[in-house]
Amino acid sequence: MPVSDSVDPLIEDKTRLVNDIEVFLSEQVSLMTPDVPSPRSRGRPPILPALALWSGLLVCVLRGFKSQLDLWRLLRDKGIWSFPRFAISDQAVYARLARAGTAPLETLLCNVTNVLAERLQPAMDKTLAPFATEVVALDCSTLDSVSRKLPALRALPNKDKGLLPGKLQAVFDLRRQLWRSVRFTPDPHQNEKLEARELATTVPKGSLILADLGYFSFAWFDWLTENGYHWVSRLRGKTSYEVIHTFYHKGSTFDGMIWLGKYRADRSAYAVRLITFKVGKQTFTYITNVTDPNQLPPLAVARLYARRWDIEMAFNLIKTHLGLHLLWSANPVVIQQQILAVLIISQVIQALRAEIAWRANVDLFEVSLPLLIRYFPWYADDGMDPVEAFVERGRELGFIRPSRRTKVKAPPLPPYITPLPPDLVVKRKPRYAGRRC
């Protein structure tokens with residue numbers, strides 16, 4: 001839907017982002033392809049349209065329902081949005097979900113994300129690495145611990161209960177606070193490095209990627225650099241390296257260029273920048289392929305890496321606050337459908353939080369996410385604009401309060417640094433000691 005240039009896109013058309021989440025979702029679902037019976041199909045057409053099925057699934061997640069039976073009761077006895085009630089059995093709902101696949105919800109998630117990303121342009125955090133095309137965090141989260149809650153799995157031996165349902169591997173947009181790419185892996189024990197490169201290609205080149213030490217690998221860092229991505233990582237303990245240039249060094253503070261891997265058996269292809277400093281008694285050590293200290297000073301490096309925690313908070317939102325800690329089924333297809341529905345709701349909630357912070361002119365993390373989830377329906381049910389209520393009354397009611405996140409500290413960039421020599425060699429033949437991840 002086009003937006004007038006004279007009206008801010010976050011305020012225009014409040015039915016999408018403000019008045020009611022369900023209105024926004026219903027609009028997006030209505031854009032999905034409806035059931036079209038094949039002219040050669042035989043037998044009675046399905047009683048339950050696909051659009052009604054997906055609408056019911058989204059509403060169940062939004063309202064905190066806890067099982068497929070809740071979805072059946074909603075569709076049969078209550079009805080949803082403009083759809084009538086459907087005289088179907090609970091088994092019919094189970095069977096329909098199992099054979100419906102995940103493609104429709106994947107498309108819906110993509111469409112919702114694109115709409116929200118466009119509308120959040122004015123609210124996104126442009127202070128994060130302005131030189132980068134995008135700034136994202138890459139991480140994974142296992143779902144095996146919640147599988148023990150499934151009745152179908154209670155009789156299994158303990159060693160087998162962790163085999164389902166798997167893990168999520170994801171890319172999170174730190175500027176817009178939206179999921180950019182999420183993939184389900186059935187094996188919860190799979191090494192996260194195996195799909196890291198494929199996930200990285202879902203963001204444009206020139207983006208800055210943050211990942212924890214689970215992804216630490218010389219081959220991974222070289223691949224990112226070779227393919228035009230910026231990255232920041234902590235330095236894993238006991239990693240050998242060789243200093244080849246010092247930008248500055250004073251006391252416990254160092255900023256310079258190093259080769260990762262001091263020995264021939266295991267070494268990186270590209271030289272990287274090492275930043276290390278102490279705050280109190282704690283030492284912080286980071287590496288990055290952004291080699292200009294003026295472009296990315298130590299404080300900016302530390303603040304960026306601290307924002308990697310955003311993806312952990314986003315995982316907590318979907319697993320704890322939106323019910324993904326309690327799976328509805330042991331069927332892998334239904335598990336993925338529930339995951340996608342939760343992600344769709346999560347995108348809308350994250351967008352609402354970003355809009356509230358932007359309109360209230362406060363830091364994003366000063367807006368309480370748990371209170372937003374709890375009280376948003378309260379204002380919406382009373383016919384009020386929930387975003388406006390949070391903006392106007394947020395401080396008074398504690399919806400907006402000082403963030404508890406740790407304030408990141410680092411030494412300032414000194415007035416003079418020794419520039420890189422023009423003839424410094426920064427690429428060599430790598431050797432990964434048999435590791436290709």
How are the rings of Trp179 and Phe172 set to each other: parallel, tilted or perpendicular (split at 30° and 60°)? perpendicular

Determine whether more than 12 heavy atoms belonging to other residues, nucleotides or ligands lie under 6.0 Å from atom CG of Asn294. yes

Report yes if the side chains of Phe277 and Thr283 come closer than 4.5 Å at any heavy-atom pair, otherwise no. no

Test ring-ring contact (aromatic ring centres under 6.0 Å, His included) on Trp72 and Phe86 and set out the steps. CA-CA 9 Å; Trp72 166 65; Phe86 297 96; over 10 Å; no

Tell me if the aromatic rings of Tyr270 and Phe221 count as close, with their centers under 6.0 Å from one another. no

Can you confirm whether Lys78 is buried at NZ, in the sense that more than 12 heavy atoms of other residues, nucleotides or ligands lie under 6.0 Å from that atom? no

Gap between atom OG1 of Thr288 and atom NE2 of His230 - 0.5 Å precision: 8.5 Å

Salt bridge Asp310-Arg405, side-chain N to carboxylate O under 4.0 Å: yes

Residue among Arg307, Arg175, Arg303, Arg176 satisfying salt bridge (charged side-chain N to carboxylate O under 4.0 Å, His left out) with Asp125: Arg307

Does atom CZ of Arg234 have more than 12 heavy-atom neighbours from other groups under 6.0 Å away? no

I'd like to know if Asp139 pairs up with Arg308 as an ion pair, taking the criterion as any Lys NZ or Arg NE/NH1/NH2 lying under 4.0 Å from an Asp or Glu carboxylate oxygen. yes

Of Ile349, Val342, Ile345, Ile339, which meets side chain to side chain contact (heavy atoms under 4.5 Å, CB included) against Ile318? Val342

Are Arg119 and Glu355 close enough for a salt bridge, meaning some N to O gap below 4.0 Å? no

Tell me whether the centres of the aromatic rings in Trp223 and Phe218 are closer together than 6.0 Å. no

Any donor and acceptor pair, going by atom type alone, linking the side chain of Lys205 with main-chain N or O of Thr133 inside 3.5 Å? no

Other residues, nucleotides, ligands: >12 heavy atoms within 6.0 Å of Arg85 CZ: no

